Every structure is written in structure tokens, then in C-alpha cells.
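When a ligand or atom number is given, it counts from 1 through the structure's own listing order. What you are looking at is a predicted structure, and each value in this text was computed from that prediction instead of being measured. For reference, positions follow the sequence shown, starting with 1.
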Amino acid sequence: MIIKSSSYAVSAVKESQYPKDNLPEIALAGRSNVGKSSLINTLLKRKNLARTSSQPGKTQTLNFYLVNDEFYLVDVPGYGYAKVSQKRRQEFGEMIQDYLETRPNLKGLIILIDSRHEPTKDDIAMYEYAQYLNIPILVVCTKMDKIKKSQTNKVMSGLKKNLDLNYDHVTVLTFSSVTKLHVAELGDWIEDKINQ
Ligand SMILES: Nc1nc2c(ncn2[C@@H]2O[C@H](COP(=O)(O)OP(=O)(O)OP(=O)(O)O)[C@@H](O)[C@H]2O)c(=O)[nH]1
Ligand SMILES: [Mg+2]
């Protein structure tokens, strides 16, 4: 995919605030701090379009970014961040659930998992939930620059042990926002899904 333009469009916490121009959407999900906002910036070749932070919990709303006037990337608050209150966490959960369950424009979900750890129970729950909703999934193993080359197989076996990769609509990619590993493949997957 060639990125010709990208811009922040809107932030939403409920359906009435979602974009109304009926373009396809690709959403990102993953633990706080896993690198969702960084992946958006890397793909779009923008330094600071999506706000990133070394402090988890930076993204607190559904943030829609318009790409090539053709589709939206949707940055979603991270899960599993202990310092967010129980009430806030439930609100996040409901906001994400509402979006994933009711949005006809949603063409694919990118689930990001930190390469340095096996999938957490939240990662597994998100994967199984997306499978249940029958959404095409791209599993992205982030921060591969922090992994020794010799550990790549271990990353893959950790995934296989915890996620049912026999699901028809799943693709797996290793990725790094630092080295730009597989950024072209990421763009290709998105292009394929928004054109289906
Ligand atoms: N080494 C390395 N660091 C990364 C990579 N991707 C993200 N980071 C760092 O990880 C931290 C979190 O990145 P974000 O992109 O803000 O993470 P997020 O998933 O959007 O976090 P929330 O918005 O809190 O859910 C930042 O300090 C990034 O610089 C990567 O590929 N390699
Ligand atoms: Mg973020």
C-alpha cells in the first residue's frame, strides 16, 4: 500500500460520534504500552500523528485516523493497565465491545502482542472474542527489535501454544516500529481487507 495522505479525523466514545462517511475501518487492540499508536505512526510514516507514551494508558478514546481518503485506522485504548480504576476499565471494555460488535464498516482487527512475553490472558480473551465475532485478525508481535534473532521461533511457539491459529481468518506478522520490520506486509494485509 502506498500512503498518500493521513490525518486525525475524530475521537469517539460512542456510536453517534463515529465517522459517518461509511469508509472501511481497521482497528487495533492490545495491552497498554504494546505499541499500537507507534504502529500507526510507523505505517503512516508520521512521527507524532498518534500520541505515544512510555506511560501506559495514553490512548483513552477510539481515535479515527483517515488514510488516503480511503479508510480509517482506529486506535483503541489498551487493556490490562492496572492503574486504571475498575469503573474506568469497565467503561473502556464496553466502549470497545460496542464498537467491535456493532460496526459494519469494521473490516479487520489488528491484535498486538508484545514479543517479549507469551500472550496474556487478556490477549487470549481478545483473540477468542474477535474469532467469535468472525472478524479477520492480524496478530502482530511487536517490539521485535528487543528480541534476539535466535528467539524468533520462541515467539512463534508461544503464540501457537496460546492462540488457535487454525482460525480461517488469521495472519501473523512479526513487527518493529524501530526497525520497520514487515511494515510493507502490514500495509498489504490492510489493503487486502479494506478491498474485500
Ligand atoms: N523498542 C521498541 N519500542 C517500541 C516499539 N513500539 C513502541 N515502542 C515503545 O513502547 C512505548 C509504548 O508505545 P505506544 O505506541 O504509546 O503504546 P500503545 O499501545 O499505544 O499504549 P496505550 O495508548 O497506553 O494503550 C513507547 O515508549 C514506544 O516508544 C517497538 O517496535 N520497539
Ligand atoms: Mg496508544
Side-chain angles (χ1 to χ4, degrees), residues 3 6-13 25-67 72-86 88-97 99-100 108-127 129-130 137-152 154-156 158-159 172-187 189-190:
I3 305 294
S6 61
S7 61
Y8 163 78
V10 71
S11 295
V13 296
E25 293 165 3
I26 300 288
L28 292 98
R31 295 178 63 189
S32 265
N33 217 240
V34 70
K36 296 176 295 298
S37 301
S38 301
L39 176 144
I40 291 178
N41 290 332
T42 301
L43 176 72
L44 302 180
K45 300 196 179 74
R46 298 282 300 263
K47 268 212 168 70
N48 250 322
L49 183 64
R51 299 282 299 280
T52 65
S53 168
S54 55
Q55 299 290 103
K58 181 73 193 171
T59 308
Q60 306 225 340
T61 49
L62 301 170
N63 297 332
F64 292 77
Y65 297 93
L66 178 63
V67 185
Y72 289 102
L73 277 176
V74 187
D75 198 4
V76 170
Y79 46 75
Y81 176 43
K83 281 194 183 153
V84 174
S85 73
Q86 188 65 39
R88 206 73 181 102
R89 234 188 290 178
Q90 193 176 340
E91 285 168 2
F92 279 179
E94 283 168 12
M95 175 170 82
I96 295 165
Q97 226 170 318
Y99 173 76
L100 294 178
L109 180 68
I110 302 175
I111 299 178
L112 294 86
I113 294 178
D114 193 320
S115 303
R116 295 169 295 178
H117 313 286
E118 280 195 11
T120 64
K121 69 175 187 345
D122 290 332
D123 293 329
I124 296 166
M126 178 53 78
Y127 183 80
Y129 179 54
I137 303 171
L138 178 67
V139 174
V140 168
C141 305
T142 63
K143 308 194 185 185
M144 282 300 287
D145 57 287
K146 296 210 174 201
I147 294 279
K148 292 199 189 91
K149 271 230 160 66
S150 59
Q151 300 286 304
T152 306
K154 205 175 145 202
V155 175
M156 290 311 296
L159 281 191
V172 178
L173 273 185
T174 50
F175 185 80
S176 166
S177 285
V178 172
T179 64
K180 324 275 184 229
L181 175 69
H182 290 152
V183 64
E185 288 78 359
L186 170 67
W189 183 86
I190 293 172

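- Sorted by chain and number, the protein atoms of type N, O or S within less than 2.8 Å of the Mg ion (ligand 2) are Ser37 OG, Thr59 OG1.
- Within 6.0 Å of atom NZ in Lys154, 12 or fewer heavy atoms from other residues, nucleotides or ligands are found, so the atom counts as exposed in its surroundings.
- Heavy atoms only, all atoms of each residue included: Met95 and Gln60 are closest at CE-O, 3.8 Å.
- The shortest heavy-atom contact between Ser54 and Asn33 is O-ND2, 3.3 Å.
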Q: Show your reasoning for whether side-chain hydrogen bond (donor to acceptor under 3.5 Å, both in side chains) applies to Ser38 and Ser177.
A: CA-CA 6 Å; Ser38 301; Ser177 285; 4.9 Å; no
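- A side-chain donor from one of Glu94 and Gln90 sits under 3.5 Å from a side-chain acceptor of the other.
- Of the options Val139, Ile137, Leu173, Leu186, a side chain to side chain contact (heavy atoms under 4.5 Å, CB included) to Ile110 is made by Leu186 and by none of the others.
- Around the CZ atom of Arg51, the shell of radius 6.0 Å holds no more than 12 heavy atoms that belong to other residues, nucleotides or ligands.
- Shown here for Leu43 and Leu73, the closest heavy-atom pair between the two residues is CD2-CD1, 3.8 Å.
- Protein residues with any heavy atom under 4.0 Å from ligand 1: Arg31, Ser32, Asn33, Val34, Gly35, Lys36, Ser37, Ser38, Thr52, Ser53, Ser54, Pro56, Gly57, Lys58, Thr59, Gly78, Lys143, Asp145, Lys146, Ser176, Ser177, Val178.
- For Gln151, the CD atom counts as densely surrounded, since its 6.0 Å shell holds more than 12 non-hydrogen atoms of other residues, nucleotides or ligands.
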